[in-house]
Structure formats: C-alpha cells, structure tokens
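Keep in mind that the numbers below use all heavy atoms, side chains included, and drop hydrogens, waters and symmetry copies. Given the structure is predicted, the values throughout are model-derived calculations rather than measurements. Letters A, B, ... mirror the listed sequences (proteins, then strands); counts begin at 1.
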Protein chains: 2
Amino acid sequence: MNDRATALEACDLGWSIAMIGRGYAAVVDPVFADVPRGARGYQLLHTVIHKSIRSQTALADYLGVDRTVMPYFVDDLQAAGLVERQDDPADRRRRIVAATRHGRARYAELSERVLEAERVFFGDLPDGERSAFVATLATMAHRSRELAAQRR
Amino acid sequence: MNDRATALEACDLGWSIAMIGRGYAAVVDPVFADVPRGARGYQLLHTVIHKSIRSQTALADYLGVDRTVMPYFVDDLQAAGLVERQDDPADRRRRIVAATRHGRARYAELSERVLEAERVFFGDLPDGERSAFVATLATMAHRSRELAAQRR
DNA sequence: TATTGTTATACTCTATAACTATA
DNA sequence: TATAGTTATAGAGTATAACAATA
C-alpha cells in the first residue's frame, strides 16, 4: 500500500494520534519491562535527571498526571533504588526527588535501548522527514501541555 | 520561551507523544460531550462512514481495541440512533455496522466542530509545517497500527 | 476446528475527597 | 488561608476468560 495515498485519505487526526501512541508503546514497552510504572516511570527518571523540576507537585504537573498519583510513582522508583526523596531546607513541606547513582546508570542503559526502539518505530522514514516530524512534535507537545493545563 | 530551543531540549519522544494526546483531547473533548463513548465513538462513526470496514471484529482491529469491547461501543451508538446493526447475508455470524441517516447528519456537524478545534490545537503553527506534520503523522499512524498488531 | 459476536469479571490507570504538616 | 505531600476510595477504559451461534 502506498503511504502517501493513505496519508491523504486518513483525515482523522484523533485516530492518528491514538495510533502513534499505541505503536510507540509497542516498540518501547519491552524496554521498560523491569522499570517500575513502565514508560511513565522512565519519563519521571528522565525528568529529574534532565530538568530542574524536583518537587512532586511540579513533576506531576510536568508529566500531566494528578499530584495525588505522584507518591505511588516515587514510592515505587525509590523502592527500586532509582530515586530518593531529599528534604528541601528552604521549605520543609517539599520533597526533592533526585536520581540516585544507580538511577543514573540505569537511565543511561535504558535511554540507549529506547533510542534503538525508536529507530524501529520510525522504520524507513527518511531522515529529513523524521527530524522535521520530531521537531514539530516537540513544539506541539509543549503547546499541548499548556492546552491541557488550561482545562483545569 | 523559544519553541525551537525547547524542541531541541525535549528528546523524550514518549513524553511528547503522551502530551499531544492530552492536548488534542483537551481541545476536542468538549465537541464529543454528547457523543456516546466520546472521541472513540466519533472515530467509530468516522470509520463506518469513510472506510469499508464493517464487521465488529474488523472495526475493533482498526480502532486498536480488543474485539470484546465492540459490543458496548456499538450498543451505545445504536441506542443514540447513530448506527445500526445489519445482518450480513453472506455470513450470518457477522453484523455489519452502518451509520444511520441521523448518524451521518450528526457526523457532518461534529466533523466541522472537530476541524475548528483542530485549528485551536495547532494555533499559530505555520501552514507548511502543519501540513508536513499531519502527513508524516498519518504515515506513522498506519505504520504504528502494524507495529501494535505485531505484538499479539 | 476456527471465527463472530456476546457477556461477566478483573485489572490498570487515573482522579476525587479527605487528611496531616508546614508556610 | 493556602500549599506539599499523603492515603483511601471510586471511576473510566480496557483486557481476559468463557460461552453460543455459525462457518
């Protein structure tokens, strides 16, 4: 079947977005088989390592989940030794979520396997098209986070 | 904040895909407030109108849900008068799901409001970038459906 | 024996409500 | 009074298992 022909025919954007979510999960979930909370657990680990988002409420906001689910996430990652809760001296209500040394090492392994899985995900999509897609996707993701936040 | 700068920084593809799912839902869900099963119900209506996918098993496969949930979907859309089950004379096990006249009229209204919502979703993204993104998205969606199907 | 549709049940993920402690 | 974290409970969405009818 011709890809471009189907691209023109498939005007249901919602279906397309749902499908890439499923397809991405299909290639990447095996990588997260042993990661607590799977893909979301990995995203949390990625976030505390790469972003300056540390409190549980801020992490919930960034990951797009309710703040009441964060304790469960952090509990499970902490039990696996991937992150730890640190007291914030500036505000004793706050817990700073930080990756442990083991968490960073595990993240390094996982992120390489994620890259491999993403190559499978994109398949033979031309490099230029892939990089353009990923760039727009990132722009739209940040925009989407704002759109979703407005709903509350 | 500069969009392009954040695009380079955000290398967590899984997070981006999850976010656009949430952002798209945020703009489009109000349109589906009165549609049984919401966005998925609309996708089902879209499919039986635009594709030659009629049996419940084939619809489940296309929409990426287990076939055991289809009876609930079809029941609800049928109760709302949007679709009807027709007997397939060629195979009496099969039920052909077809949009009713009312279903087609409702779909026409809804699809216009969906297009409006999608304009909000894309915001000020340049037309060329948007059309390139949607084209690649459709290609990747079809590819993703195959990837997800391979998992079974 | 395999497939379509169906139903009941169970599981996963997430949100709601209510609480404690700090600010 | 408001906010960060926590806990228990409930809900939405989906899958698993088992069955009847038909191929």
Handout entry: Proximity to DNA chain D (any heavy atom under 4.0 Å), residues of residues 66-75 of chain A only
Key = A/Arg67, A/Thr68, A/Pro71, A/Tyr72
Problem - DNA chain D contacts made by residues 32-43 of chain B, counting heavy atoms under 4.0 Å - result: B/Arg40
Completion exercise
Paired with A/Val48, the side-chain contact (heavy atoms from CB on, under 4.5 Å) test is passed by just one of A/Val74, A/Ile96, A/Leu82, A/Val97, namely A/Val97
Among all residues two or more places apart in sequence or in another chain, which pass the side chain to side chain donor-acceptor pair (under 3.5 Å) test with [X]?
X: B/Arg106; result: B/Glu109
X: B/Asp88; result: none
X: B/Arg37; result: B/Asp76
X: B/Glu146; result: none

Completion exercise
Overall bend of the helix from C/dT1-D/dA23 to C/dA23-D/dT1 (five pairs an end, 10° steps) is 0°
Exercise for the section: Taking A/Asp91 for its side chain and A/Arg93 for its backbone only, find out whether a donor-acceptor pair lies under 3.5 Å. Expected result: yes
Handout entry: A/Thr136 side chain vs A/Phe133 backbone, donor-acceptor pair below 3.5 Å
Key = no
Problem - Distance, nearest 0.5 Å, that separates CD1 of B/Ile17 from OG of B/Ser144 - result: 7.5 Å
Exercise for the section: Taking the side chain as every heavy atom from C-beta outward, state whether B/Met70 and B/Val65 have any atom pair closer than 4.5 Å. Expected result: yes
Handout entry: Full working for side-chain hydrogen bond (donor to acceptor under 3.5 Å, both in side chains) between B/Arg85 and B/Gln56
Key = CA-CA 10 Å; B/Arg85 286 177 169 98; B/Gln56 294 185 196; 3.1 Å; yes
Practice task
Check whether A/Val120 and A/Leu115 end up in the same hydrophobic cluster, where Ile, Leu, Val, Met, Phe, Trp and Tyr are linked by side-chain heavy atoms less than 4.5 Å apart.
Solution key: no
Practice task
Using chain A heavy atoms and a threshold of under 4.0 Å, write down where along DNA chain C the contacts begin and end, 5' to 3'.
Solution key: C/dT14 to C/dA23
Problem - Residues in ring-ring contact (aromatic ring centres under 6.0 Å, His included) contact with B/Tyr42, at least two apart in sequence or another chain - result: B/Phe32, B/Tyr107
Practice task
Output all residues satisfying ring-ring contact (aromatic ring centres under 6.0 Å, His included) with A/Phe122, sequence neighbours left out; order by chain, then residue number.
Solution key: none
Handout entry: Nearest-angstrom distance from the residue atom CZ of A/Arg54 to P of D/dG5
Key = 13 Å
Problem - Protein-nucleotide distance (B/Asp29, atom CG; D/dA12, atom C1'), rounded to Å - result: 13 Å
Practice task
Keeping to residues at least two apart or across chains, list the ring-ring contact (aromatic ring centres under 6.0 Å, His included) pairs with something in residues 65-102 of chain A.
Solution key: none
Problem - Flag if over 12 foreign heavy atoms under 6.0 Å of CD, A/Glu112 - result: no
Problem - Residue-level proximity of residues 81-99 of chain A to DNA chain C when a heavy atom falls under 4.0 Å - result: A/Asp91, A/Arg92, A/Arg93
